[in-house]
Chemist: 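The structure is given below, and queries will be raised subsequently.
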Amino acid sequence: MAKKVISINEATIRFAGDSGDGMQLTGTRFTEATAIVGNDLKTIPNYPSEIRAPLGTLAGVSAFQLMFGSQRVFTPGDLPDTLVAMNPAALKVHLKDLKKGGTILANANAFTDKNLKMATWETNPLTDGSLDGYTVYSMEMSKLVGKALENSDLTSKGIERTKNMFALGVLFWMYNRPIEPTEEWLRKKFAKNPSIAEANITAMKTGFNYGETTEIFTTSYAVEKADLPKGKYRNITGNVAVAYGLVAAAEKAGKELFLGSYPITPASEILHTLSGLRNHGVKTFQAEDEIAGIASAIGASYAGDLAVTTTSGPGMALKTEAIGLAIITELPLVIVNVQRGGPSTGMPTKMEQSDLLQAVHGRNSDAQIPVIAAQDPADCFDCAFEAARVAMKYMTPVILLTDGYLGQGSGPWKIPDPKKLPKIEVHHPDSSARGEDGFMPYARDENETRPWAIPGTPGLEHRIGGLEKENITGMVSQDPENHQLMTDIRARKVENITKDIPPSEIHGDTKGKVLVLGWGSTHGAIHVAVDRARNKGQSVSQMHLRWVSPFPSDLKAICDNFDEILIPEVNSGQLAMLLKAELIRPIHQLNKVRGEPFRAFEIEEKINEILG
Amino acid sequence: MSETTINVQDLNLTRKDFVPGNEVRWCPGCGDYSVLANMQKTLPVMGVKKENYAFISGIGCSSRFPYYMDTYGFHSIHGRAPAIASGVKLANPDLAVWIITGDGDGFSIGGNHMIHALRRNIDMNIMLFNNRIYGLTKGQYSPTSQLGMKTKSSPFGSIDRPFNPSAIALGANATFIARALDVDAKGLQESIKRSQRHKGASFIEVYQNCIIFNDGEFGALENKATRPDNALFVVHGEPMIFGKEQDKGIIMKDNHPKVVTLGGDWTEQDLLVHDETNPIITNLLLEMTFDPKNPTPFGVLRAVDAPTYDGMLVDQIKEVTKINGKGTLEDLFYSGDVWEVK
């Protein structure tokens, strides 16, 4: 039977199931296939902090969403068009987000009385008519894979576990994606256990054929290639992009990379990625705690490595004293905070942008530090590279802020030509730097940075530390004049970085009614909202901060060209607070702290409200 | 691990090379002076280039030590020296890294870093100045202060049970443990030499007198006249003998160490023989520490060979590079599924 293929511009799919149902993996495989087809895309995982919450419960639902399209895609989509619900709990949690008239793919076998009760459904929604407004494909996935794998060596439990591959196969058919890359991937992943690989492939093909042959599916969708800039691409998560950016910076600086880190959600993937790169000379040190993570990195920096520590909010709190040490000793260091919901342990697997003030000001005394924030997963590469470059050029620790949404979400990354990445100039003085009065560890260059003299260099033996030092000589000093001078120098050094910040880009007109100003991972949602507003003829532009400390020098002039400024943030108004002090003018805020990123329509509505 | 040892004559270093121009600011009579002098005396003969020494400290009186050594030095933050030093050593395994710490810095605020640095067996030297008091904050009890001790923060006597740092080092599976006395130049120099030569994490506990806040804590040991009868200096492979007349020894009786007098019923053959490689002997010596019936043991209490973290890291980098080839950015960037937009 010939089935209809409808061409669409974009689609948003959410995979939802029990924590053990393999939804993250299913979503990732769909993403890879989609990337290979050449669509632009963005993804976001959403999973509980428990590894295996009780089976079938609302708390145990794990989800993965992606949006893909034939045009540029800036967010993982507001509301999904299609929801894959592997059990009643997944349907219960996610149905409220599904677009009106959207599509539901459900595993009918999981809708047992017991599971329905656990998910607080009084009757079976698949049969009681409550889903009448949606297109529902209720499939007996467990039963179908059971039949297809009748002769497999797998246990019945093992067979049941392949049902996610069935669902994936159906979706591959529905959205006209190739199954071969996943086939190849499964064979590689289960190379030591071919029967598992083959069972999963069979389940996936069964799903694909189910779409192709059964009468219930009448339509599939085609999404054409996106018009991305020419080049080679791969899909990348923000955490992997950070790791690659650091490796690239180390190579371009001729440095060895040292990571001191303690595992923490949602930052651990940076540690995992870097610890697999021994053949790049990467030294990873899984420290005994967060403090030792940064302390070991400070030691490695003192000894001449490009040193990094990675963490999330609670870990930042623990590292605070050591950040002060890196500031006063003026050593290069990259501190990555993959932000999550707080305070305290908060919501480890949910995103938030609420560590901005902590990054900019959260230390004892006047202790300025440059802070850079990535705007999307691919941008994490550039920001990590830039953070490392600035740290070494200005002899200062630098904080890189990403968040769980960027770190674990993914998007296409236009692979840079390694040869074209800029070289990072690093200078270590040699014995000739010793003058008649000895070596001066706090001598200043034109940027007021001090020399990075490393142990092992004859004649430059010197002492540094947390006690205030006399400028130039580096002797311990409690002198009032000197402390004022050193405090001022440390502040100027950070301010100097504005010289390295290129002119800010404005999306839209450079003058107008509303400027939507953002930082970090809100970029995509703001971009979409601003585009929609502009299409309606509204006078709205977007500016996105990459450096949040120091601010770019053209910030005030740009803001002066707009009547109103709107700052959407996934916190209670932290950039707004900094900006009000900087610009001394009223600012419209859009704040939410729900553990999830903005949806474009939320920003659109706020723009409408401001414009009346 | 890969510190290159050089002919001492070729280095031509003297004590003066390790003395910087600045003034030492410990209290007059402080035990730290002796430790500093013996360090400056010993390092020139170790066959290590001056520029390859790095002294890392935390916070406390003893942690000012790096300022008084004309080597690379890092006076860091409270308790974190072992973690900072770990990074220094892993960044440059050629360095001879010394950690200077105290009983508060190393075993209170920094206890976690201490046990893990020892456990990992990173090739570093940790020197603990144990004066059983907080000196820099002007006299509060420390985790090694004895029960009942009256201090500014324990005016009615400390109810905080102390622990024995060297026993913790053993519990952390340290591969080298020595104990020395601040006034005993010979013992200090021997401990420093052995520690510097040891491949792996070395731990030296120095009993150090705080003349201001805890003077006389180690009284019978500090006093030259009473020391021989109260201190047992152990030597690997030799019987445990002590006393002014070298007439006392340690035997094992009912599973406990016991002091006996040689000459009558007991001969050297009956005595326990020190074995640096046997943790049971080390443990026995450490148990004697607080036992008033037994002398306090000093010397190298433990020395065993074990793979070092820094050595294994270097080896792993070499090994993985051999198998996978030297990684390039090209390989890395293209390690996923790649597609081309034309």
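Just so it is clear, the structure is predicted and the values come from calculations on it, not from any experiment. In what follows, chains carry the letters A, B, and so on, assigned in the order in which the sequence lines appear, proteins first and then strands, with residues in each chain numbered from 1.
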Chemist: Tell me, out of A/G438, A/A303, A/P455, who's got the most heavy-atom pairs with chain B below 4.5 Å.
Modeler: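 If we count pairs closer than 4.5 Å to chain B, A/P455 comes out on top.
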Chemist: Are the side chain of A/K283 and the backbone of B/L90 linked by a donor-acceptor contact shorter than 3.5 Å?
Modeler: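 Judged by distance alone, yes, a pair lies under 3.5 Å.
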Chemist: Please examine the side chains of B/T321 and A/R278, heavy atoms only from C-beta on, and report whether any two atoms are closer than 4.5 Å.
Modeler: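 With C-beta onward as the side chain, the pair stays apart.
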Chemist: Mind ranking A/W413, A/F258, A/F381, A/W185 by heavy-atom pairs under 4.5 Å with chain B and telling me who comes out on top?
Modeler: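 The residue among A/W413, A/F258, A/F381, A/W185 with the greatest pair count is A/W413.
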Chemist: What verdict does the side chain to side chain contact (heavy atoms under 4.5 Å, CB included) test give for A/N279 and B/K326, after you've listed the backbone C-alpha separation in whole Å, the side-chain angles of each residue and the deciding distance to 0.1 Å?
Modeler: CA-CA 5 Å; A/N279 63 327; B/K326 174 95 187 111; over 6 Å; no
Chemist: At a heavy-atom separation under 4.5 Å, does B/Y53 approach chain A through its side chain, its backbone, both, or neither?
Modeler: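 Contact with chain A: none, neither part.
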Chemist: Evaluate B/H113 against A/D289 for side chain to side chain contact (heavy atoms under 4.5 Å, CB included), listing each step before the verdict.
Modeler: CA-CA 8 Å; B/H113 308 305; A/D289 58 27; 3.3 Å; yes
Chemist: Given heavy-atom pairs under 4.5 angstrom as the criterion, report whether the side chain, backbone, both or neither of A/V282 touches chain B.
Modeler: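 The answer is the backbone of A/V282.
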Chemist: With only heavy atoms counted, which part of A/L277 is less than 4.5 Å from chain B, the side chain, the backbone, both or neither?
Modeler: side chain
Chemist: Are there residues of residues 62-70 of chain B whose heavy atoms fall under 4.5 Å of chain A's heavy atoms? If so, which?
Modeler: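 Answer by number: B/R64, B/P66, B/Y67, B/M69, B/D70.
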Chemist: So which of A/T457, A/I236, A/I298, A/L421 has the largest heavy-atom pair count under 4.5 angstrom toward chain B?
Modeler: A/T457
Chemist: Residues of residues 15-28 of chain B under 4.5 Å from chain A (heavy atom pairs)?
Modeler: B/P20, B/N22
Chemist: Residue by residue, which of residues 114-122 of chain B have a heavy atom closer than 4.5 Å to a heavy atom belonging to chain A?
Modeler: B/H116, B/R120, B/I122
Chemist: Under 3.5 Å, is there a donor-acceptor pair between the side chain of A/R463 and the main chain of B/T71?
Modeler: yes
Chemist: Please confirm whether the backbone N or O of B/G73 pairs with a side-chain atom of A/Y302, one donor and one acceptor, at under 3.5 Å?
Modeler: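 Present.
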Chemist: Using non-hydrogen atoms only, which part of A/E321 is less than 4.5 Å away from chain B: side chain, backbone, both, or neither?
Modeler: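 Both backbone and side chain of A/E321 come within 4.5 Å of chain B.
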Chemist: Is any side-chain heavy atom of B/F74 closer than 4.5 Å to one of A/T329?
Modeler: yes
Chemist: Please list, in residue-number order, every residue in residues 333-342 of chain B that has a heavy atom less than 4.5 Å from any heavy atom of chain A; write 'none' if there are none.
Modeler: B/F333, B/Y334, B/S335, B/G336, B/D337, B/V338, B/W339, B/E340, B/V341, B/K342
Chemist: A/P229 versus chain B, heavy atoms under 4.5 Å apart: side chain, backbone, both or neither?
Modeler: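 When you check distances to chain B, only backbone atoms of A/P229 fall under 4.5 Å.
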